[in-house]
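Order of the sequence lines fixes the chain letters, A, B, ..., with proteins taken first and strands second; residue numbering starts at 1 for each chain.
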Amino acid sequence: MNLLTHLQRLFHGAVEGIVADPARYAAMVKPAQDARFGDYQANCAMSLAKQLRQKPRDVAERLAASLDLSGMLEKPEVAGPGFINLRLRTDWLAAQLQRMAAADRLAIEPVQPPRTYVIDYSSPNVAKPMHVGHLRSTIIGDALARLLRFLGHKVIADNHLGDWGTQFGMLLYGYKHHRDEEALRSDPVREMVRLYLLVRREIDPAEKVEEEPGNAKDYSEADLTRSREALAAVRSETAKLHAGDEENLALWRQFMPWCYAEIEAIYRRLDVHFDHTFGESFYQPMLVGLVDDLLARGIARPSEGAIAVFVEGEETPTLVRYRNGAYTYTTTDLATIRYRMEQWHPDASLYVVGTPQEMHFRRLFGIARRWGYDTIELEHIKFGSVLERLPNGKTEMFRTRAGRVVELGALLDEAVVRAAQQYEQTRADRLERGEEVPQLSQQEEQQIAEVVGLGAVKYADLCQNRTSDYVFDWDKMLAMDGNTATYMQYAYVRNRGIFRRGNVDPAALRSDPPRPILDTPHERALAVQLLRFHEALDAAVADYKPNLITAYLWDLSKAYSGFFDNCPVLKAPTPELRQSRLLLCDLTARVIQRGLDLLGIRTVERM
RNA sequence: GCGCCCGUAGCUCAGGGGAUAGAGCAUCGGUUUCCUAAACCGAGGGUCGCAGGUUCAAAUCCUGCCGGGCGUACCA
C-alpha cells in the first residue's frame with residue numbers, strides 16, 4: 001500500500017463537500033519534514049481558509065475532526081498557522097508490517113491496469129568503444145525497465161543501436177587502408193576498436209576545422225590536407241554502404257557481430273538486458289515509403305533540394321531527407337515509432353537520451369503526432385552530460401576525441417580493483433582491532449569485489465538527479481563510503497549476519513510472521529520507513545527518476561542503523577521482542593535487496 | 001540572435017510553494033565486555049547568483065539582470 005496516496009484519498013473525502021477541486025487540496029498532504037511533526041502533514045488548511053474566508057486554524061481543526069481516521073491515524077494535531085500533523089497508529093503500523101512480511105513482493109500489488117512501455121535506452125554507436133557517457137542511458141534505462149516491470153507493467157526494452165552511420169564508414173576505410181590481417185584473425189573485436197580509434201585520430205583535424213575554421217591554426221597544412229582526404233574517403237565509404245554497394249555491405253555484415261561483441265560483454269557484466277536490438281539499419285528499407293507518405297500528407301515538403309518539415313514559429317525546419325538523398329535520424333526515428341506501434345501497441349514510449357537532444361525529440365514527437373500517433377505518451381527521459389575537468393579548471397562535455405574519454409570497460413575494471421583493495425584494507429584494519437573477519441575463498445572475494453565495484457559505479461550515477469550534469473571524477477565514481485551502494489550492501493550483509501549468527505531461518509518469519517512490537521523510537525521509525533517503500537517506487541516512476549529510490553534506500557539504511565545500534569536482536573530482553581526484531585531485520589533486508597535490484601545492483605551475503 | 005537548462009555549505013550534490021534549508025565528502029571531537037567499525041554519535045560551516053513581483057507562506061512560481069552550459073538546415 002502506498003501510504004501517501006492513501007492519506008491523500010482520506011483528505012480528498014474530507015474536502016469533497018467543501019470545495020470544487022478537492023484533488024488540489026488532497027495533494028497538499030506530504031511526508032512530514034520533521035519527525036516532531038508526526039509522519040505526514042496536511043498543508044491544505046491555510047489555502048482553504050483563504051478561499052473560504054475563515055481562520056486557517058479553525059478550518060484545520062474542523063478538517064481534522066471530520067477526517068476518516070480509518071484505524072490508521074492517531075487523532076490529528078493542528079500546529080503553527082494551520083498545519084495538520086498526522087501520526088500513524090502504532091498498532092496499525094504493526095499490522096501492516098505483519099502483512100508485508102507474509103506477502104510476496106513486499107505487499108506491492110501489481111498496478112491495475114498495467115500499461116505497455118517501450119523503453120529505448122543505451123543505444124550506442126556500435127563501431128566505437130563505449131565510454132562513460134554511455135553509462136547513464138544504459139543504467140537509467142535499465143533501472144526504469146526493472147522498476148516498471150516490478151510495478152506490474154509490460155516493458156519492451158529496445159536497444160536502438162547506431163549501426164548504420166559514419167562510424168561504419170570509418171571502419172570500412174580503416175579496414176581497407178590499415179587492417180592488420182594477423183590481429184583480425186586472432187582478435188577481430190580488438191582490431192575493430194583499434195581501427196576505429198586510428199581513423200578517429202586521422203579525421204579529427206578535418207572535422208574540428210569544419211566545425212570551427214579557426215582551429216586550422218592548430219595543424220600543419222600537410223596534416224590537414226591528409227586529414228581532409230581521409231574524411232572525404234570515410235564519407236564516400238559511408239555513402240557507398242548506404243547506396244547498397246555489395247562489397248561494403250558484405251564487410252558491414254562481417255563487422256557487426258565483432259563490434260557488438262565488444263558492447264555485449266559490457267552489458268553482460270552490467271547485468272543489463274534487452275528484449276530487442278533493432279538498430280538503425282533495420283529501418284532503412286522503410287524510409288523511402290515513409291518520406292513519400294509524409295509528402296503525400298502534406299506534412300513534409302521539398303526545400304532547397306532537401307525534404308523538410310516546417311513548423312510555424314520554428315526558426316529552422318526538420319529535415320527528413322538531405323539534398324544528397326540520405327535519410328536523417330529523424331526519419332529513422334519516425335520509422336521506429338511506426339514499427340513499434342504496429343508491433344507492440346505501447347501506451348508509452350520512453351527515450352533515455354541525453355539533454356542535448358531535447359530539440360530533436362520535441363520535433364520528432366511533434367511530427368509523430370501530426371502523422372497520426374497522437375495518443376501514445378512519447379517521453380524524452382533526458383539526462384545531464386558527463387563532463388570532464390580540464391587542466392585550466394573549467395569543465396566541458398566529453399568529446400569523442402581519441403584518448404580523451406574514459407572507456408567504460410576500463411572504468412568497470414578499475415572499480416572492481418578498487419573494491420578488492422578496499423576489502424583488503426578493511427580486513428587488515430579489522431584484524432588489527434582484534435575483530436573477527438569472515439573467512440572467504442579467493443573466488444568469493446573476487447565475486448564481492450565485482451558486486452561492490454560495479455554497484456558503486458551504478459549507484460554513483462543513479463543517485464544523482466537525472467537531469468543534472470556531473471563532472472566525471474574517478475574517486476567519486478568509485479566511492480564506497482557515505483551514500484553509496486557499498487553502504488547499502490554492507491547494511492544488508494550485517495543484517496544477514498544476524499540470521500547466520502542466530503541460526504534463524506527467515507522463511508519462518510515470512511510464513512507465520514509475529515506481530516511486531518514498536519515501542520522504541522528506533523523500531524517505530526524503521527517500521528514507518530519500511531512501509532514507505534511503495535510510496536518511493538511510485539514517486540520514482542512518476543518522474544522517471546531513479547534517484548528517488550536511492551534517496552529512499554539511504555533513509556531506510558539510516559533508520560536501520562539507528563535500530564541496529566540501539567536494539568539488540570539476538571540478545572533482545574524477551575523472546576517476543578527477539579521475534580519482532582528479527583521480523584524488522586528480515587523486512588529491511590528484503591526491501592534493501594529489492595530496492596537495489598530495481599537499480600540493477602546486486603547484493604552479497606558476506607563481505 | 002533565438003530556444004532550453006543550470007547557479008544552494010570549502011568540494012560534490014539533494015530539495016523545486018509551507019514550520020528552524022538538507023546529505024555525502026573534507027575538517028574537528030567522541031563511540032567497541034553487545035548481532036560485521038566498509039558502522040555510529042556530535043561540532044563548526046549557507047544573505048539558496050542579484051534585483052523586483054505574485055502569495056497568508058518563495059530556495060521553490062513570474063519578470064528583468066549577471067554568470068555558465070547545451071542546442072540551433074544536410075553527423076547521429
_Using a heavy-atom cut-off of 4.0 Å across all strands, would you classify A:M46 as base, sugar-phosphate, or nothing?_
base
For nucleotides 73-76 of chain B, print each protein N/O atom paired with a nucleotide N/O atom at under 3.5 Å, atom names and distance only.
unit_1, atom_1, unit_2, atom_2, d
B:rA73, N6, A:S303, OG, 3.1
B:rA73, N6, A:E304, OE2, 2.8
B:rA73, N1, A:S303, OG, 2.8
B:rC74, O2, A:R323, N, 2.6
B:rC74, N3, A:R323, NH2, 3.3
B:rC74, N4, A:R323, NH2, 2.4
B:rC75, O2', A:T166, OG1, 3.3
B:rA76, OP2, A:Y322, OH, 2.6
B:rA76, O3', A:E280, OE2, 2.0
B:rA76, N6, A:Y329, OH, 2.9

*What is the nucleic acid contact for A:C567, judged by heavy atoms within less than 4.0 Å: base, sugar-phosphate only, or nothing?*
base
*Could you give me the CA-CA distance, side-chain angles and deciding distance for A:S281 and A:Q284, then say whether side-chain hydrogen bond (donor to acceptor under 3.5 Å, both in side chains) is met?*
CA-CA 5 Å; A:S281 60; A:Q284 294 314 302; over 6 Å; no
*Can you name the ring pair (Phe, Tyr, Trp, His ring centres under 6.0 Å) partners of A:F472, sequence neighbours left out?*
A:W474
_Filter on salt bridge (Lys or Arg N to Asp or Glu O under 4.0 Å), then keep only pairs touching residues 561-577 of chain A, sequence neighbours left out; what's left?_
none
*With A:R501, which residues qualify under salt bridge (Lys or Arg N to Asp or Glu O under 4.0 Å), at least two apart?*
A:E436
*What is the distance from OH of A:Y487 to P of B:rU36, rounded to the nearest Å?*
16 Å
*Could you tell me whether A:G502 contacts a base, only the sugar-phosphate backbone, or nothing, with contacts defined as non-hydrogen atoms closer than 4.0 Å?*
nothing
_For A:N503, give me all partners under side chain to side chain donor-acceptor pair (under 3.5 Å), at least two apart in sequence or on another chain._
none
*How many angstroms lie between CG in A:N159 and CG in A:D120, if you round to the nearest 0.5 Å?*
7.5 Å
*Want to settle it: does A:S47 or A:I84 sit nearer the 5' end of RNA chain B, counting the closest nucleotide to each?*
A:I84
*asked:* Starting the side chain at C-beta, find the nucleotide from B:rA38, B:rC35, B:rA39 nearest to A:D565.
replied: B:rA39
*Rounded to the nearest Å, what distance is computed from the CZ atom of residue A:F564 to the P atom of nucleotide B:rA39?*
12 Å
*Separation of B:rG71 C1' from A:E314 CD (nearest whole Å)*: 12 Å
*For RNA chain B, determine which residues of residues 576-589 of chain A have any heavy atom closer than 4.0 angstrom to one of its atoms, and list them numerically.*
none
*Please collect all ring pair (Phe, Tyr, Trp, His ring centres under 6.0 Å) contacts where either partner lies in residues 482-502 of chain A, sequence neighbours excluded, each pair once.*
A:Y487-A:W554
*Say whether A:N495 and A:T588, considering side chains only, have a donor N or O and an acceptor N or O under 3.5 Å apart.*
no
*Value in whole Å for how far the P atom of B:rC35 lies from CZ of A:R501*: 6 Å
*What distance separates A:Y544 OH from A:T467 OG1, expressed to the nearest 0.5 Å?*
15.5 Å
*asked:* Need to verify one output field. Residue with the more 5' nearest nucleotide on RNA chain B, A:P568 or A:E358?
replied: A:E358
*Have A:T426 and A:Q422 got a donor and an acceptor in their side chains that come within less than 3.5 Å?*
yes
*Would you mind classifying the nucleic acid contact of A:M28 as base, sugar-phosphate or nothing, using non-hydrogen atoms under 4.0 angstrom?*
nothing
*Roughly how many Å is it from CG in A:L570 to P in B:rC34, rounded to a whole number?*
13 Å
*NA contact type, A:N503, heavy-atom cut-off 4.0 Å: base, sugar-phosphate, or nothing?*
nothing
_Of the listed nucleotides (B:rC2, B:rC40, B:rG71), which one gets closest to any side-chain atom of A:S561?_
B:rC40
*Any Lys/Arg nitrogen of A:R200 or A:E207 sitting under 4.0 Å from an Asp/Glu carboxylate oxygen of the other?*
yes
*Check every atom of B:rU36, B:rC4, B:rG18 against the side chain of A:R606 and return the nucleotide holding the closest atom.*
B:rU36
*Kindly confirm whether the side-chain ring of A:F83 is stacked on the base of B:rA19, judged by centres under 5.5 Å and planes under 30°.*
yes
*For A:A230, check side chain to side chain contact (heavy atoms under 4.5 Å, CB included) against everything at least two apart and list the hits.*
A:Y173, A:E202, A:I203
*Give a yes or no on this: more than 12 heavy atoms of other residues, nucleotides or ligands lie within 6.0 Å of atom CD of A:E77.*
no
_For nucleotides 6-14 of chain B, give me one character per nucleotide, 5' to 3': B if any protein heavy atom sits under 4.0 Å from the base, S if the only such contacts are to the sugar-phosphate, - if neither._
------SSS
Taking only N/O atoms, report every protein-nucleotides 20-27 of chain B pair under 3.5 Å with atom names and distance.
unit_1, atom_1, unit_2, atom_2, d
B:rU20, O4, A:R36, NH1, 2.5
B:rU20, O4, A:R36, NH2, 2.3
B:rA23, O2', A:W554, NE1, 3.3

*Using Watson-Crick and G-U wobble pairs with both distances under 3.5 Å, what is the 5'-to-3' dot-bracket string of RNA chain B, with [ ] for crossing pairs and | for pairs outside the strand?*
(((((((..((((....[...)))).(((((.......))))).....(((((..]....))))))))))))....
*With sequence neighbours left out, which residue pairs that include part of residues 463-488 of chain A fulfil the salt bridge (Lys or Arg N to Asp or Glu O under 4.0 Å) condition?*
A:R418-A:D475
_Protein-nucleotide distance (A:R494, atom CZ; B:rU32, atom C1'), rounded to Å_ = 13 Å
*Output yes when at least one side-chain N/O atom of A:Y560 is less than 4.0 Å from OP1 or OP2 of B:rC35, else no.*
no
